[in-house]
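Heads up: the structure comes next, in structure tokens.
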Amino acid sequence: MRGCVRPSRVIGALAALALTGAAAIAQPPQRVVSVNLCTDQLALLLAAPGQLVSVSRLARDPASSAMSGAAQGLAVNGSGAEEVFLLRPDLVLAGTYTNDATVKMLRRLGIRVEVFAPARSLEDIPARMARMGALLGREGEAERRIAAFRAALAALDDTPPRRPRAALWYVNSFTLGADSLAGDILHHAGFANVADEAGLAQGGTLALERLILLAPDVVVRGRDYPGRSRAEDNLAHPALRALGVPMSAPLTDRDWICGTPMALDAVARLRELRLSLETGR
Amino acid sequence: MRLAAALVVLCAALFALSLVTGLAAAPAGQSLKALAIDDGTPLSLVMREIRLPRALLAVMVGASLGLSGAALQGYLRNPLAEPGLIGISGAAALGAVLAIQTGLVLTHPLALPLSALGMALAAVLLILALAGPRGGSITLILAGIVISALAGALTSLVLNLSPNPFAAADIVFWLMGSLADRSMAHVWLALPFMALGWAMLAALGRGLDALTLGEDAAQAMGIHLPRLRLLLVLGAAASVGAATAVAGAIGFVGLVVPHLLRPLVGGRPSALLWASGLGGAAMVLAADIAVRVLLPDRDLKLGVLMALVGAPLFLHLIYRTRKEMA
């Protein structure tokens with residue numbers, strides 16, 4: 001079937017594509033809708049006033065979003081194709097983990113959807129900001145933010161001669177290693193990660209037994225969620241208390257699940273934790 | 001008595017094996033020494049705070065389920081009566097989930113086992129009311145299906161309504177059961193209720209023996225049937241409720257164990273009671289060792305393994321009783 005299409009049509013279609021592409025470059029999108037917590041925050045940071053129409057519901061949750069205050073003034077969406085389409089966006093920002101059916105549906109309806117992969121290291125953050133800046137036609141703002149980010153990160157980086165060993169310990173005995181944003185934040189704060197010793201650079205289940213036998217110098221616990229679940233029992237297991245190592249105050253998701261400049265706050269807080277460990281010794 | 005000795009030895013061996021099964025590569029002797037003498041090492045901590053409660057709970061949960069299964073089967077004179085299959089465990093899980101999600105557990109430490117016990121009690125009463133004194137297979141199984149399905153659905157509903165994003169993942173735990181990373185706190189929480197339940201169920205022996213001759217004969221032999229029923233209901237609810245509150249609903253233990261041991265005790269319900277208690281402990285210990293050997297890092301649920309063993313046996317029993325059901 002494809003071979004039957006006349007060449008003139010193909011040329012016409014290509015020309016149309018090139019024209020819309022050129023138009024997109026020439027004129028930044030006017031109605032931007034974000035359906036992913038991380039693209040929400042990048043867009044809130046970089047968009048021109050009025051350019052961003054709606055963000056996902058999580059963006060307003062102070063426990064998940066570092067920019068919940070800025071999100072209050074915007075309409076929120078539940079990330080469904082129907083409600084997003086009704087907002088008449090000319091650009092939709094989504095994450096790799098956004099429901100694939102939603103992304104495909106929106107594209108079928110002729111809406112431009114840009115998908116962002118989650119950041120795996122602090123180095124990914126300037127790249128994300130540059131891409132978001134280009135998409136929104138806000139390259140200047142993005143460049144300014146990137147320069148500030150790099151300067152702030154450089155100021156925080158003081159690798160100690162001996163790195164204390166820390167464990168990231170989340171609900172359901174989950175941990176993260178070097179190949180993750182949280183692991184990279186831990187590294188920049190001057191810690192060694194016991195997950196890497198256990199061969200869990202990508203992250204995975206670090207059974208309580210294994211955690212205790214690794215005997216880390218500090219346990220950095222994940223956040224406490226509202227309500228209760230048995231999956232969170234591991235954070236309060238008596239054996240963890242009996243281990244007698246300092247446990248950080250639970251860190252909330254907002255600082256380090258998204259590749260935004262706010263990840264620097266997590267670096268700074270963990271660095272302070274390390275310094276307090278060193279003076280306490 | 002030879003059987004009793006053999007079962008005790010089996011339980012002791014499996015208990016020791018459970019203690020030395022885990023992720024730590026330490027040799028068995030060193031692990032057991034770290035358990036006996038607290039030398040302040042992380043290994044000692046692992047043995048005392050993680051492995052020991054896990055092995056103890058396997059014994060306690062297994063004994064509760066085996067004993068309850070044998071008692072229910074003796075009373076109803078039906079080999080299909082099992083706490084998991086007829087919905088008692090499922091109802092207990094619902095009780096536990098309700099106590100956790102409503103925040104009752106924060107108001108009083110005993111709220112968790114008591115709530116599980118309460119729901120288990122309701123399920124036992126409902127089963128006995130629906131199945132009647134003689135426990136016909138069809139009514140028993142149908143009633144069990146209804147209670148299990150309802151309890152499972154309500155458990156899922158409550159957990160899905162929770163604001164906690166991980167509560168929904170707990171559904172698997174409550175419906176399938178696991179002993180991973182429990183602590184001594186759970187042992188002390190469950191033990192009093194289980195001990196009470198065991199005492200009540202163990203007292204049923206003579207009555208259940210007499211009941212094999214029929215209700216009239218049993219009454220003629222001086223068995224007070226309402227008292228017997230009351231002890232059974234309270235005993236099963238207390239032991240299964242407490243077991244489920246700390247370990248989730250583990251099915252098929254009370255079906256497989258009495259079935260395997262019945263020929264060895266000459267079919268006497270009184271002897272089957274203690275034998276099933278010991279056998280249940282051995283079975284859950286073995287299953288809990290197996291889940292750790294098969295998938296050390298994944299927390300494979302006990303109910304999965306028990307269903308793989310128990311479901312074929314259940315089919316076999318249904319096949320054998322199909323004449324009665326037809």
Side-chain angles (χ1 to χ4, degrees), chain A residues 37 57-58 61-64 97 165 167 169-175 177 194-195 197-200 202-217 219 221-245 250 252-253 257, chain B residues 21-26 31 34 38 40-54 93 96-97 99-106 112 158-159 161-174 178 180-186 245-248 292 295-299:
Chain A
L37 175 64
R57 196 161 287 141
L58 270 179
D61 171 17
S64 304
Y97 294 118
R165 296 161 65 247
W169 178 244
Y170 298 98
V171 175
N172 252 338
S173 307
F174 194 75
T175 190
V194 295
E197 294 172 35
L200 292 166
Q202 306 272 345
T205 309
L206 183 68
L208 178 61
E209 225 180 281
R210 191 167 275 174
L211 173 76
I212 285 172
L213 291 171
L214 284 166
D217 296 319
V219 175
R221 276 181 299 170
R223 81 179 252 203
D224 235 357
Y225 288 85
R228 277 158 295 277
S229 75
R230 187 207 168 258
E232 290 171 328
D233 281 2
N234 66 312
L235 298 176
H237 196 283
L240 203 57
R241 247 177 298 144
L243 188 60
V245 304
T252 51
D253 287 346
I257 56 172
Chain B
T21 304
L23 293 158
S31 300
D38 187 1
T41 57
L43 183 63
S44 221
L45 194 59
V46 165
M47 292 306 294
R48 288 175 163 230
E49 299 281 350
I50 302 176
R51 302 259 187 97
L52 183 64
R54 184 167 190 157
V97 166
I100 292 174
Q101 294 301 332
T102 55
L104 269 179
V105 282
L106 302 178
L112 179 71
V158 172
L159 290 173
L161 289 176
S162 167
N164 190 300
F166 293 97
D170 282 359
I171 293 171
V172 186
F173 165 77
W174 289 111
S178 163
D181 295 349
R182 305 276 79 188
S183 64
M184 287 309 279
H186 294 104
V246 294
R292 278 179 285 172
L295 292 173
D297 271 339
R298 293 295 184 81
D299 187 20

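As a basis for the values below, the full set of heavy atoms in this structure was taken, side chains included, without hydrogen atoms, waters or symmetry mates. Predicted model, so just to flag it, every value in this text is computed and none were measured. Numbers restart at 1 for each chain; the letters A, B, ... are given by sequence-line order, proteins then strands.
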Considering only heavy atoms and a distance below 4.5 Å, find which of A:L206, A:T205, A:I212, A:L214 pairs most often with chain B. A:I212
What residue, out of A:P238, A:G244, A:A207, has the most heavy-atom pairs lying under 4.5 Å from chain B? A:P238
So, using side-chain hydrogen bond (donor to acceptor under 3.5 Å, both in side chains) as the criterion, who are the partners of B:S31 when residues are at least two apart? none
Restricting to side-chain hydrogen bond (donor to acceptor under 3.5 Å, both in side chains), what partner residues turn up for B:E49, sequence neighbours left out? none
Name the option with the most non-hydrogen atom pairs under 4.5 Å to chain A; the candidates are [options].
options                       : answer
B:A180, B:P42, B:A185, B:G22  : B:P42
B:P296, B:G40, B:G248, B:G103 : B:G103
B:D170, B:L106, B:V46, B:D299 : B:D170

The residue among A:R228, A:R230, A:E232 that forms side-chain hydrogen bond (donor to acceptor under 3.5 Å, both in side chains) with B:N164 is A:E232
Closest approach of A:H237 and B:D181, non-hydrogen atoms and distance? CD2-O, 3.1 Å
At their closest point, which heavy atom of A:R210 faces which heavy atom of B:L23, and how far apart are they? NH2-CD2, 3.5 Å
Under 4.5 Å to a heavy atom of chain A? For B:S44 that would be neither
Okay, B:F166 and chain A: the region with an atom under 4.5 Å from a heavy atom over there is both
Rounded to the nearest 0.5 Å, the CG atom of A:L243 sits from the CG atom of B:L45 at a distance of 6.0 Å
Check whether A:A215 gets within reach of chain B through its side chain, its backbone, both or neither, counting any heavy atom under 4.5 Å. side chain
